[in-house]
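Take a look at the structure below.
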Amino acid sequence: MTGIRFHFPTNLGISVGDRLEVKFILDEPQKTNTHKEIRILNSANGTYGGEFLNLANEEKRLGYN
């Protein structure tokens, strides 16, 4: 399982179990723009944790080696 954590200073109205599409730029030499579907696993004080959904095997760059 791979995931993402992000902080947003205002209330987004996001709840545990919600599915979202997130867009971000990878911190790599190519600066790859990507977007992924996530499911929110936890939320506290404007910080959200989610797991990536529908990942293909070729997307190992999102995980730890």
Side-chain angles (χ1 to χ4, degrees):
M1 175 173 71
T2 61
I4 186 170
R5 182 175 65 180
F6 62 96
H7 177 78
F8 205 81
T10 60
N11 184 353
L12 296 176
I14 297 173
S15 300
V16 171
D18 286 354
R19 289 180 174 215
L20 306 172
E21 182 178 342
V22 294
K23 297 178 182 181
F24 52 94
I25 299 171
L26 295 178
D27 185 14
E28 60 175 3
Q30 298 85 2
K31 303 295 185 202
T32 306
N33 285 307
T34 190
H35 64 278
K36 298 291 171 214
E37 184 180 13
I38 65 168
R39 179 178 29 243
I40 299 298
L41 298 178
N42 55 61
S43 168
N45 301 319
T47 300
Y48 302 90
E51 67 175 326
F52 291 117
L53 302 174
N54 306 318
L55 284 178
N57 289 334
E58 69 270 8
E59 298 191 70
K60 291 180 182 179
R61 66 181 183 262
L62 293 178
Y64 292 103
N65 294 325

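On a predicted model such as this, the values are computed, not experimentally measured, just so you know. For the numbers below, each heavy atom of this structure counts, side chains included, while hydrogens, waters and symmetry mates do not.
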Salt bridge (Lys or Arg N to Asp or Glu O under 4.0 Å) involving Arg5 - partner list, sequence neighbours excluded: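 Per chain and number, Arg5 pairs via salt bridge (Lys or Arg N to Asp or Glu O under 4.0 Å) with no residue.
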Applying salt bridge (Lys or Arg N to Asp or Glu O under 4.0 Å), name anything that partners Lys23, two or more places apart in sequence or on another chain.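 So Lys23 forms no salt bridge (Lys or Arg N to Asp or Glu O under 4.0 Å) with any residue.
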Is [Y] reachable from [X] through a run of hydrophobic residues whose side-chain heavy atoms are each under 4.5 Å from the next?
X	Y	answer
Ile14	Val22	yes
Leu53	Phe6	no
Tyr48	Phe24	yes

To the nearest 0.5 Å, what is the distance between [atom1] ([X]) and [atom2] ([Y])?
X	Y	atom1	atom2	result
Thr2	Ile38	OG1	CD1	10.5 Å
Leu12	Ile40	CG	CD1	9.0 Å
Arg19	Asn54	CZ	CG	7.0 Å

Pairs where residues 38-51 contributes a residue and the test salt bridge (Lys or Arg N to Asp or Glu O under 4.0 Å) is met, not counting sequence neighbours: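 Sorted result for residues 38-51: Arg39-Glu51.
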In this structure, are over 12 heavy atoms from other groups packed under 6.0 Å from Asn42 atom CG?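 Result for CG/Asn42: enclosed.
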Identify the two heavy atoms, one from Thr47 and one from His7, that lie closest to each other, and give their separation to 0.1 Å.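 Nearest heavy atoms, Thr47 then His7: OG1-ND1, 3.1 Å.
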